[in-house]
Structure formats: structure tokens, C-alpha cells
Amino acid sequence: MNVLARLRRQMLVALREIAPEAEVAPLAEMVTTAQDARFGDYQANCAMPLGKLLKRPPRDVAAELVAKLDTQGMCHPAEIAGPGFINLKLNDAWLTAQLQAAVADPRLTVTPVEQPRTYVIDYSAPNVAKPMHVGHIRSTVIGDALYRVLKFIGHRVISDNHLGDWGTQFGMIIYGYKHFRDESAYQDKPVDELSRLYRLVHRIIAYYEGRDELPILETKVAAAKEACEKLDRVASDKLDKDALKKLDKDKKRAQDNAASVAGEWNALQSKLAAEEADAAFIDLARKHATIQTAVLTETAKLHAGDAENHRLWQEFMPPCLSAIEEVYRRLGVTFDVTLGESFYHPRLAEVVDDLAKRGLARESDGALCVFLEKFAAPMIVRKKDGAFLYATTDLATIRYRMQTWQPDAILYVVDHRQSFHFEQLFALAQIWDCAGVELRHISFGTVLGKDGKPYKTRSGDTVGLTGLLDEAVSRARKIVDDAEKGAPRGQELNHEARAHIAEVVGISAIKYADLTHDRNSDYEFSYDKMLAMYGNTATYMQYAYARVRSIFRRGEIDVDALRQSGAKLVLVEPAERALARQLLRLEEALEQTVADYRPNMLTAYLFDLADAYSTFFEQCPVLKADSPTTRDSRLLLCDLTARTIRQGLELLGIPVVEQM
RNA sequence: GCCCUCGUAGCUCAGGGGAUAGAGCAUCGGUUUCCUAAACCGGUGGUCGCAGGUUCGAAUCCUGCCGGGGGUACCA
């Protein structure tokens, strides 16, 4: 039941009687949840602008709207406050009846959308050739949550993992395999060995790139220094106030720039020095001085159908895929289809031909480019060496998705740094093959470390995803064990139970911490914060759930029997009513989540629900209630709370534990 | 240079036209013969980066500026 939507619909009816039709829709949208419980449960703010429009006192308009508003029994007679706020309070009898219906409803009265759409969601998309790392959390977790929510509210949704399984990384491990492989290690643990090879090849390439970069940086340092000196020489006594101000600003900029370039040079210098101190590595690097081009050659051979490279690719894929699968298994993430870059390879030439044929692409500096008016830089679809790019694959992918699923929307859950790419891609797609389709870049910010910079290990390496999960689980385990050592409760948990709780709590902490932040913001990664027992964390939500469930265990209540018993809900205490009202808002929360594809709307709802439950739990004894009627009613509230939390967490991709 | 983003309490973050701007942490104080204290209740703490503008009403929308991050022709 979406109370808000129904109230808006009714308000629309009332508005039609007194306002011009063109103005009616946005005015009806001005019904919202109340800002403050003192104002009731919902409020309508449309009387003020409408009063302005009709040149009538807003309070009069409000009064007329109230008179014409039929809340269909949902609310008490509305009250008018302040300049013309219309405050709506849910009728307790109606509220009770709604929840009573939820007791027997597996969907908790969430009704499927009236007009289902078809969505394709593109998320996670790791590179197969290298281990998944911290950067994959957000896309995977946000994408999975959106997938679940959209599907739950009744849309047709296809999740597609667009794997990076065809790019330069494969050239790198093929090169590594051919030159550096430890055969027994490869036979023993192929993924570990391939990942070692990837890192080794990457390290050598980085070393050579660094050596190429160093002189460039040196000239930059010199140029920056000179720019500073030049500004210092400017005769400031001849300048007026504004020009002086500008000069100071320019100086500061120049100095900042000089400092940052010098810093870069320093960092690179010491990094290269460190590499050069490693005699064995340098020896290896010297023997593979042409590695940069050699890797590209291996990649090109793979793409051209070279028998050996293709065989190696086929050999590498299964173990790499199963390593990735293992991570998804722990995260509880699944995909309907997994169509990586390799799948689209045979379709790229056709895409490029089509673009050229339709006059959308033309050659420039040897590359085939699409120039769109809006953008300063062209979109390159074929390099001058004939190779295709990211953009080409994305275009082929869009076309395939259009042909295969005829989606109404395609969502790309990809980090914000690629927004320019998507702007171009969507602009082109609209004039090319898929006008009218909602193409959305669901962008998200960066996971930061304590220093406010992208989260890295102490040595500056990217953090592997598996290690990250392990760490969270081991910290969760410590918390579980510590809690067990504390106040004895007579319900000791055995080793297996604790291990299971730690796995669930640890991993859900990471997922929830990610989902609870606005996706556009960067956020600081902190095990301590995400595993905290207070505040908006998965641990707290899990605990809230376990605490509800504990009542049923302690009271030896048969929940199914309770639900079918016909026991009546009765709302008496303010805490009961507040909880009830919150329980009935699940559908509103889901709608908000989907409106701009923001899972933090759902976590916020769940946290508020847990909060309402906590107050209820403190103030309203359940098992020791005064009467059997009150007890049953409260048990029903507990059951609905537990189910709503479980359902909500499940929609976020987070399982629950019955006991902690 | 241009484009995109962010700037809210000491810290980490919500709130994205409505009434007195919220939460958690930190800090100060209170609550356990009582269903999980891994909890709850209360206090302290804010010129919502700055300046204009639109509006009956701006943290929220617009413009400019300041500051952080990101992107900007053959990587993905």
C-alpha cells in the first residue's frame, strides 16, 4: 500500500475542482510525508502556491481543498496550520486494517507497479584477468540492490555482467604465461599464478612507463618553476587593485602547480629508485625491454584469431571465471546474463561500418570518429591502427540489448569518472539506434581511505576484494566472540553458528555501508564504523532483527499459527502507532529508492523502522503484556517488523541471521 | 581553458522548494530485580563554503566567486 501515492491521487481530484488543469499535477505532488510528527503523518503544501495563483488567501484555498478532499477513510479530517499547510493524520482504524492485511500478505501489501517496464542493468563488470578489488564493490552492490528492488516492485529486469574479458589485460597474462610462468604453480593454482603473472607484467610495464614519464615530468617541473619566476618578475607597483589581486591568485596557482608537479616527480623518482634497487627485477625488466609493444601484439593476435593465443584465452577463462563466481557467491550476487566484451567482438566491425555508412562517423587523424556538436572531443570508434575501443563495444552492446530485450531503460552502474564517456555514448545512441529509451548512467563516488584519498593498502596497492571481505568477517568474528564472553545469556552459540554469523555480519557490513551512502558521494571506508553496533549499520539492523526474532523464541510462539489465528491488531500506545505508521511506509520507501535509483533511501527507511521498533521495544512489553489481546497484537507488530526488516535487507542483497 | 561533481555539528554522513536543519561517532548525564545493554532516553554542539538572484517560503533552484575531487582524441 502506497499511502502517499493514494493521497496524491485524491488531492489531484480535489485540485481539479479549483485549479487550472495545467497546474494540477505538480501541485498534487506537493503532498509529502510530514516533516514533524506534531504535524501528523502527511502534509500538503499546495495551498500556498495555489493561493498565489488564484489570488486568494492560502488558508481559504486550504480550507476549500480540505472540504473537497476525499481521503477514502485513510485520514482524520485534515487540519490547516500556519500559512496554509494541510496536515493529514492517518485514521487509526484504517491504519490497523492495512496492517492486518499485511499480516497475511507475503508482499507486505506492496503492490506491483501498474505499468511494468523492462530494464537492463549493467553492473559489476570486472576484468577477468585480474583479481577483483575494492573498486568493484560499489557497482556490484548498488547494481544488485537496484536489480532486486525493481524486480520486486514488478518490473521485468535483466541483469547483465559486462565482463572485461577481451582487453589488454589478456595480452598481459598471455605474455606473462609465455615468458614467466611457473608451471607447477600454474597447475596447482592457476588463478593465483595468472594473477602473479598479471602483477609482474604490470610492474615491468609501469617501470618502463615511469622511465618514459620521468623526463616529461622534469620538463613540467622546469616549466612550472619558470612560470612562478616569471610571475615574480611582474612589476606589481604599476598594477591597479584588481590586477594585483589577479596576480596574487595566479602566483598562488603557479606555486601550487609547481609544488604538485615536483611532488609527482619526487614520488616517481623514488618509486623508480626502489625498483632499481631490486636487482632481480631489473634484470628481468632488461630482458623484456620491448614488453609494452609485445603485450599489445599478443592482444592483437588474440583479436585476430591467432590459434595459440585463442587457445590460451579459452584455457584461462574458466578458472578466472570461477574465481569471480566465488566472490559473487559470498556477496550473494547473481546475474541473468554474463556477456563480456569477447561476446561483442564479432559484431564490432558491423557497428563501425553502419556508423560510417550513415554518415555519423568520419575519419580524422587516421581514426574513425563520431563528432557530436555538444562535445569538444570526438568519440573514437576505431583507432588508427584499426583496433576497436570501449566506445565501439558499448555501441554494439546497446544494439544487442535493444534487439534482444527491447528494454525501456538501460542502467549503467559505473563510477562517476566515466560520465563524459556515457554522455557521448547516450547522445550518439539516441540518434543512432535507440531513440526513446531511457539510458542512464548510475554514477557513484569513490571509496576513500582515512587520508581522504582512494582506498589503498599501506604500500599503495589496490585492495583486493577477497581480502577485504575476509578482514570484515574476521573483525565481525571478534565482535561475536567478545559478545559471547560477556554477559552470559544461557543461549550459547556454538562454533559453527558464530562463524556463520560473522560471515553474514561482516559481509553485510560492507554492503550496507556502501548502500547507505548517497551513491554520488565519495565515502570513507572504515571497518570500525561499518561494524558499529549503534547507528545506521548492517550490524545494528541485524541486531534489531535478531532481537525481534528472539521474542518469538523466548515465548515459544508459533508464528504461522499466530498469523492465521485471526488475532487482532490494536494500536493504543504512541510507540505502537508510530511503529505501525512506519511499517506501512515500505512501498513509499521503495518508490523513492527507484525514483532516482538511490538505495540509500531504503536503508534510511529501515533505520527509521528499527528506531521506531526500539522505542516500542523499550516502552511496550510484549510477552509480559497486560492482556492476551495486547500480547497478540504486539506479537503481530513484532512479526511485521521482522518481516519488513528481512524483506528490506533482502532487497539490498543482505541476508539476516536469526540469532546474534 | 572547458565540462561534471562535492562543500551541512569537532569527525563520518543524511536531508535536494516548506513550519524550530537531522542521525551516528565524539563529549556530558541518565536507564539493567524487566522479552538480546551488540540496547534505550536526555544535554552540549550549526552564519548549511561565500555573495547575489528567483520565490509567499531556499541548505534545497539560478548566476558568479572560493575550495576539494574527477574528466577532457585513439586505456577501460
Side-chain angles (χ1 to χ4, degrees), chain A residues 30 32 34-36 38-39 43-46 48-49 51-52 58 81-85 87 125 127 164 167-169 249 341 364-369 371 374-385 387-391 393-394 414-421 423 443 445-446 448 452-454 479-480 482-484 486-487 489 491 505 513 516-518 520-524 526 528-529 531-537 539-540 542-544 546-555 596 600-601 603-604 607-608 611 614-615 617-625 634-635 638 659-660:
Chain A
M30 294 180 82
T32 61
Q35 300 294 306
D36 190 310
R38 283 179 303 126
F39 305 140
Q43 64 181 64
N45 303 327
C46 49
M48 283 82 81
K52 180 86 177 167
F85 292 106
N87 291 333
N127 276 316
T168 316
Q169 326 85 24
K249 202 175 125 182
E341 291 166 341
S364 169
D365 287 346
L368 196 67
C369 302
F371 289 88
K374 231 179 105 187
F375 303 102
M379 192 173 204
I380 299 174
V381 293
R382 193 182 62 211
K383 298 201 282 184
K384 63 180 163 204
D385 68 4
F388 302 120
L389 299 101
Y390 186 32
T393 312
D394 274 354
V414 180
D415 78 274
H416 71 282
R417 286 175 302 188
Q418 295 185 40
S419 56
F420 180 66
H421 165 73
E423 270 182 58
S443 69
T446 311
L448 306 173
K453 293 185 186 140
I479 293 168
V480 173
D482 285 353
E484 200 71 8
R489 286 186 222 115
Q491 291 187 28
V505 169
T516 200
H517 288 97
D518 182 288
N520 286 306
S521 326
D522 299 343
Y523 73 91
E524 189 180 295
S526 159
D528 290 337
K529 274 180 189 145
L531 285 162
M533 358 274 186
Y534 315 97
N536 193 1
T537 66
T539 318
Y540 176 80
Q542 297 279 6
Y543 179 65
R547 233 168 24 146
V548 191
R549 297 292 301 148
S550 149
I551 288 177
F552 290 90
R553 261 196 314 279
R554 183 60 66 95
D596 204 21
N600 66 312
M601 291 294 148
T603 62
F607 182 62
D608 288 344
D611 194 40
S614 282
T615 307
F617 180 80
E618 290 295 318
Q619 294 179 4
C620 304
V622 178
L623 295 175
K624 292 173 185 164
R634 289 181 178 168
L635 279 169
C638 288
Q659 237 175 312
M660 302 175 67

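Note on naming: letters A, B, ... go to the chains in the order of the sequence lines (proteins, then strands), and numbering restarts at 1 for each one.
Within the model, atoms CE of Met30(A) and CE of Met48(A) stand 6.5 Å from one another, a figure rounded to the nearest 0.5 Å.
Within 4.0 Å (heavy atoms only), Cys46(A) reaches no atom of the nucleic acid at all. Within 4.0 Å (heavy atoms only), Met30(A) reaches at least one base atom of the nucleic acid. If you check every strand for non-hydrogen atoms under 4.0 Å, Pro83(A) touches nothing. No contact: Asp385(A) has no heavy atom under 4.0 Å from any strand. Looking at heavy-atom distances under 4.0 Å, Ser364(A) makes contact with a base. Note on Ala604(A): nothing from the nucleic acid sits closer than 4.0 angstrom, heavy atoms only. Using a 4.0 Å heavy-atom distance criterion, Phe375(A) is classed as making no nucleic acid contact. Across all strands, Cys638(A) comes closer than 4.0 Å to no nucleic acid atom at all (heavy-atom distances). Within the 4.0 angstrom heavy-atom criterion, base atoms lie near Ala367(A). Note on Ala387(A): nothing from the nucleic acid sits closer than 4.0 angstrom, heavy atoms only. Within the nucleic acid shown, Leu389(A) comes within 4.0 Å of sugar-phosphate atoms alone, with no base atom in reach, counting heavy atoms only. When heavy atoms are screened at a 4.0 angstrom cut-off, Phe607(A) is found touching the sugar-phosphate backbone but no base atom. Across all strands, Pro49(A) comes closer than 4.0 Å to base atoms (heavy-atom distances).
Using C1' as the reference atom, C25(B) and G64(B) are 37 Å apart when rounded to the nearest Å. Between A21(B) and C28(B), the two C1' atoms lie 23 Å apart (nearest whole Å). G15(B) and G30(B) are spaced 35 Å apart, taking the P atom of each and rounding to whole Å. The same atom, C1', is picked in A9(B) and in G24(B); the two are 12 Å apart, to the nearest Å. Rounded to whole Å, the separation between the C1' atoms of C48(B) and A58(B) comes to 11 Å. Here, G10(B) and G17(B) have their P atoms 26 Å apart, quoted to the whole Å.
Between Arg554(A) and U36(B) there is a side-chain N or O to OP1 or OP2 distance below 4.0 Å. Put simply, Ser550(A) has no side-chain N or O that comes within less than 4.0 Å of OP1 or OP2 on C35(B). Between Asn536(A) and U12(B) there is no side-chain polar atom (N or O) within less than 4.0 angstrom of OP1 or OP2. Taking 4.0 angstrom as the limit, Ser419(A) places none of its side-chain polar atoms (N or O) nearer than this to OP1 or OP2 of U5(B). Within the structure, a side-chain polar atom (N or O) of Ser521(A) is placed less than 4.0 Å from OP1 or OP2 of A14(B). For the pair Arg549(A) and C35(B), the criterion of a side-chain N or O lying under 4.0 Å from OP1 or OP2 is not met. The phosphate of C40(B) has OP1 or OP2 within less than 4.0 Å of a side-chain N or O from Tyr540(A).
Under 3.5 Å, the side chain of Gln169(A) and the base of A76(B) form no donor-acceptor pair of N or O atoms. The base of A14(B) lies outside donor-acceptor range of the side chain of Asp608(A), with no N or O pair under 3.5 Å. Side-chain N/O atoms of Thr168(A) and base N/O atoms of A76(B) include no donor-acceptor pair closer than 3.5 Å.
Proximity note for Asp518(A) (side chain, C-beta onward) versus A19(B), G15(B), C13(B): the nearest is G15(B). You'll find that the side chain of Cys369(A) is closest to A73(B), out of U36(B), C40(B), A73(B). For Lys529(A), taking side-chain heavy atoms from C-beta onward, the closest of the listed nucleotides U36(B), A14(B), U12(B) is U12(B). You'll find that the side chain of Tyr523(A) is closest to C13(B), out of U36(B), G15(B), C13(B). Closest to the side chain of Glu341(A), from the set A73(B), A76(B), A14(B), is A76(B). Of all nucleotides listed (U36(B), A73(B), C40(B)), C40(B) comes nearest to the side chain of Ser614(A). Minimum atom distance to the side chain of Ile479(A) is reached by A38(B), of the listed A73(B), A38(B), U12(B). Across A19(B), A37(B), C75(B), the shortest atom-to-atom separation from the side chain of Gln43(A) is found for A19(B). The side chain of Phe371(A) has A73(B) as its nearest neighbour among G70(B), A73(B), A38(B). The side chain of Phe420(A) sits closest to G71(B) out of G71(B), A38(B), A14(B).
In this structure, the CG atom of Asp36(A) is 11 Å from the P atom of A21(B), given to the nearest Å. If you measure from atom CG of Asn45(A) to atom P of A58(B), you get 14 Å, rounded to the nearest angstrom. Atom CZ in Arg553(A) sits about 8 Å away from atom P in U36(B), given to the nearest Å. For Glu423(A) and G71(B), the CD to P distance is 15 Å, given to the nearest whole Å. Following rounding to the nearest Å, Asp522(A) (CG) and G71(B) (P) show an atom-to-atom distance of 12 Å. The separation between Met533(A) atom CE and A23(B) atom P is 22 Å, rounded to whole Å. In this structure, the CE atom of Met660(A) is 10 Å from the P atom of A38(B), given to the nearest Å. Summarising the geometry, the separation between NE2 on His416(A) and P on C6(B) is reported as 10 Å, rounded to the nearest angstrom.
Side chain of Gln43(A) to backbone of Gln35(A): a donor-acceptor contact under 3.5 angstrom is found. Within the 3.5 Å criterion, the main-chain N or O of Met533(A) finds no donor-acceptor partner in the side chain of Thr537(A). Remark: the backbone N or O of Pro621(A) is paired with a side-chain donor or acceptor of Arg634(A) at under 3.5 angstrom.
Base pairing annotation: C40(B) forms a Watson-Crick or G-U wobble pair with G30(B), both donor-acceptor distances under 3.5 Å. In a base pair of the Watson-Crick type (N1 to N3 plus N6-O4 or O6-N4) or a G-U wobble (N1-O2 and O6-N3), with each distance short of 3.5 Å, G46(B) is matched with no nucleotide. Judged by Watson-Crick or G-U wobble contacts below 3.5 Å, the nucleotide G24(B) has C11(B) as its partner. Look at A19(B): it lacks any Watson-Crick or wobble partner with both distances under 3.5 angstrom. Nucleotide C61(B): paired with G53(B) (Watson-Crick or G-U wobble, both distances less than 3.5 Å). Across all strands shown, G1(B) forms a Watson-Crick or G-U wobble pair with U72(B), both key distances being under 3.5 Å.
Using cut-offs of 30° and 60° for the angle between ring planes, the Phe375(A) and Phe420(A) rings count as perpendicular.
Contact between Asn87(A) and Phe39(A) at its shortest, heavy atoms only, is CB-O, 3.0 Å. Contact between Asp522(A) and Thr446(A) at its shortest, heavy atoms only, is OD1-N, 2.8 Å. Contact record, Thr516(A) with Ala513(A): CG2-O, 3.4 Å, taken as the closest heavy-atom pair.
The side-chain ring of Phe85(A) is stacked on the base of A19(B), judged by centre separation under 5.5 angstrom and plane angle under 30 degrees.
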